[in-house]
J.: 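Let me give you the structure first, and then I'll get to my questions.
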Number of protein chains: 2
Amino acid sequence: MAGDSTRARILETAGEVFAERGFEAATIRDICEAAEVNLAAVNYYFGGKEALYEQALQRAHLRDVRDENPHVWDHGTPPEEKLRLSIRQLLAQLLSMSDDPWEARLMVREIMNPTPAGKRMLRDRFSKMFQELQETLDEILPPDMPDHRRHQIGFSIIGQCALYRSLAKVIPLMIDEAELQHYYGVEELAAHIAQVSLAALGLAPPLIGRASGQAAEKAKGGRPIVTHTEHRRILPSLPRKGTP
Amino acid sequence: MAGDSTRARILETAGEVFAERGFEAATIRDICEAAEVNLAAVNYYFGGKEALYEQALQRAHLRDVRDENPHVWDHGTPPEEKLRLSIRQLLAQLLSMSDDPWEARLMVREIMNPTPAGKRMLRDRFSKMFQELQETLDEILPPDMPDHRRHQIGFSIIGQCALYRSLAKVIPLMIDEAELQHYYGVEELAAHIAQVSLAALGLAPPLIGRASGQAAEKAKGGRPIVTHTEHRRILPSLPRKGTP
DNA sequence: ATTGACTTTAAACGCCCGTTTGATAGAATC
DNA sequence: GATTCTATCAAACGGGCGTTTAAAGTCAAT
């Protein structure tokens with residue numbers, strides 16, 4: 001009776017646990033306990049831990065494809081603005097946190113720490129992310145630029161974003177709490193990365209323009225750019241005890 | 001008799017294995033077998049796996065500090081050139097491969113995947129890397145630029161470099177073999193990242209200058225910049241079967 | 001009420017891990 | 001030469017893991 005429900009419950013819980021701890025660190029004992037299901041249920045319904053993980057990945061892949069709004073630009077949005085929005089979306093996805101659905105977090109984890117099981121899906125998903133960025137870039141880059149330069153420029157943008165995920169544990173060791181609070185939200189970082197990238201491309205003033213490095217910031221000086229969406233911390237803050 | 005020698009042999013082998021597989025995946029059985037030492041020797045000499053790992057980390061830290069040439073610039077080297085060299089060194093370190101000493105590789109692994117045991121050392125080491133880059137940047141950035149902008153610019157450079165490490169498994173899925181071979185060596189990537197960074201700062205022409213995106217490349221068009229040091233592959237190449 | 005397929009359960013299996021033990025042999029100390 | 005310390009060894013311990021098993025429970029169809 002509850003048979004179908006238990007299967008669903010296992011998958012749901014497993015997705016959560018896998019997204020949080022990764023395939024290896026997650027144990028089916030933890031999953032079954034959290035799902036309030038007998039230990040043997042995973043093998044009964046899925047045939048094993050790895051098969052369960054593949055199911056979770058596949059579901060994450062499907063939901064990710066379904067939910068994603070494929071960038072409906074306002075008609076006539078200038079390419080630089082599209083790039084800004086692409087960067088913001090990419091960064092937000094990479095920095096998805098525990099209040100985001102596990103499907104998104106599992107996807108990012110699979111990109112940053114690939115497992116053999118997810119290789120095929122990884123190729124699909126990541127190449128899609130990459131090509132979307134490249135399409136936006138292609139409206140900016142001159143048509144005679146060779147492919148390898150387009151790719152490297154794309155990687156320079158992705159790299160700037162991915163850093164705040166891959167070094168999320170390390171950055172708080174260097175930056176003090178107050179600075180983290182004020183300048184390391186998704187919006188601030190996205191604005192910075194877009195500014196750097198556009199400046200490099202020649203579509204925005206260079207970072208060290210005339211008087212101050214803030215020359216390229218649009219409006220009232222000094223304050224960071226804060227947009228309409230909510231402000232949230234993206235990096236864990238570790239205890240600071242002064243530099244030893 | 002061979003007592004001192006076995007201790008050294010264990011540490012050496014353990015460093016190699018830890019650097020290659022990480023703390024968790026490495027087993028003391030593997031280490032002892034590779035070191036041709038009895039299984040109990042690790043506990044006899046070091047007191048446990050974690051203590052052995054800490055010893056390996058500490059040794060990597062010390063040797064790293066000792067070996068590192070603290071950037072003896074030619075007198076009067078322009079700041080842009082210093083930045084280029086800093087980027088190249090950072091990238092080379094992040095992409096250290098199996099023919100590099102395990103100390104360097106273990107250090108990078110600890111930065112990218114921190115363990116609780118290495119937290120203190122991580123703070124020392126990474127903050128040193130970061131501050132060295134910052135010092136180079138400080139010669140370029142205007143003195144009135146606030147700290148948080150300096151840091152973000154530093155992270156933008158580090159991010160571009162770290163990408164080729166953190167996504168080393170994924171990039172070959174997007175880029176075909178030939179392009180990897182020609183354009184993803186340390187020198188080529190360092191040149192690209194320096195060009196992007198300097199262009200963003202306004203110290204080099206933007207990537208899309210006048211006619212072609214190659215405007216900023218110094219000399220003969222089309223060909224990638226290849227310097228004096230040896231050319232080597234930095235990313236694993238996975239089988240390509242055409243885009244499915 | 002009985003059947004029979006589906007589901008749930010507690011217990012155990014087999015494996016790998018880090019660690020411990022107790023014996024053995026050699027060197028050092030007296 | 002007897003004793004103590006040091007180093008090595010094979011073997012086992014205890015725990016966590018994924019997986020398996022066999023019995024018990026559930027429920028609609030007969």
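Just so we're on the same page: letters track the sequence lines, and every chain starts at 1.
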J.: Quickly work out the Arg21(A) CZ to dC17(D) P distance and round it to whole Å.
T.: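 Taking atom P of dC17(D) as the reference, CZ of Arg21(A) is at 10 Å.
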J.: Give the rounded distance in Å between these two atoms: CD1 of Ile31(A) and P of dT19(D).
T.: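 Atom-to-atom, Ile31(A) to dT19(D), this comes out as 11 Å.
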J.: Taking only side-chain N and O atoms of Thr6(A), does any of them lie within less than 4.0 angstrom of OP1 or OP2 on dT8(C)?
T.: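 It does, given that an N or O in the side chain of Thr6(A) lies less than 4.0 Å from OP1 or OP2 of dT8(C).
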J.: List in chain and number order the residues that pass ring-ring contact (aromatic ring centres under 6.0 Å, His included) with Phe126(A), two or more places apart in sequence or in another chain; answer none if no residue qualifies.
T.: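 Result, ring-ring contact (aromatic ring centres under 6.0 Å, His included) vs Phe126(A): none returned.
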J.: Could you pull out all residues at least two apart from Asn43(B) that satisfy side chain to side chain contact (heavy atoms under 4.5 Å, CB included)?
T.: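 In terms of side chain to side chain contact (heavy atoms under 4.5 Å, CB included), with neighbours along the sequence ignored, Asn43(B) is linked to Ile28(B).
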J.: Looking at residues at least two apart in the chain, or sitting in another chain, which of them share a side-chain hydrogen bond (donor to acceptor under 3.5 Å, both in side chains) with Thr115(B)?
T.: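 If we apply the side-chain hydrogen bond (donor to acceptor under 3.5 Å, both in side chains) test to Thr115(B), skipping adjacent residues, the hits are Glu110(B).
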J.: Who passes side chain to side chain contact (heavy atoms under 4.5 Å, CB included) against Asp30(B), sequence neighbours left out?
T.: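 Only Arg21(B), Thr27(B) meet the side chain to side chain contact (heavy atoms under 4.5 Å, CB included) criterion with Asp30(B).
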J.: Bend across the helix from dA1(C)-dT30(D) to dC30(C)-dG1(D), to 10°, with axes taken over 5 pairs at each end?
T.: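 Roughly 30° between the end axes, to the nearest 10°.
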J.: Taking side chain to side chain contact (heavy atoms under 4.5 Å, CB included) as the test, write out the residues that go with Asp138(A), two or more places apart.
T.: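 With neighbours one apart ignored, the set is Gln134(A), Arg150(A).
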J.: Under the side chain to side chain contact (heavy atoms under 4.5 Å, CB included) rule, collect the residues that match up with Glu12(A), sequence neighbours excluded.
T.: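 Side chain to side chain contact (heavy atoms under 4.5 Å, CB included) check on Glu12(A) returns Arg59(A), Trp102(A).
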J.: Could you run down nucleotides 13-24 of chain C 5' to 3' and tag each one B, S or - for protein heavy-atom contact under 4.0 Å?
T.: ----BBBBB---
J.: In whole angstrom, what separates Glu36(A)'s CD from dT9(C)'s C1'?
T.: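 Value for this atom pair: 15 Å.
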J.: Partners of Ser166(A) by side-chain hydrogen bond (donor to acceptor under 3.5 Å, both in side chains), sequence neighbours excluded?
T.: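 None.
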J.: Does any part of the side chain of Phe130(A), heavy atoms only, come nearer than 4.5 Å to the side chain of Phe155(A), both counted from C-beta?
T.: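 A side-chain contact exists here, since the closest heavy-atom pair is under 4.5 Å.
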J.: If I take atom CZ in residue Arg7(B) and atom C1' in nucleotide dT6(D), what distance separates them, rounded to the nearest angstrom?
T.: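 After rounding, the reported distance stands at 15 Å.
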J.: Does dT7(C) have its OP1 or OP2 closer than 4.0 Å to a side-chain nitrogen or oxygen of Tyr44(A)?
T.: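 Indeed, a polar side-chain atom of Tyr44(A) lies that close.
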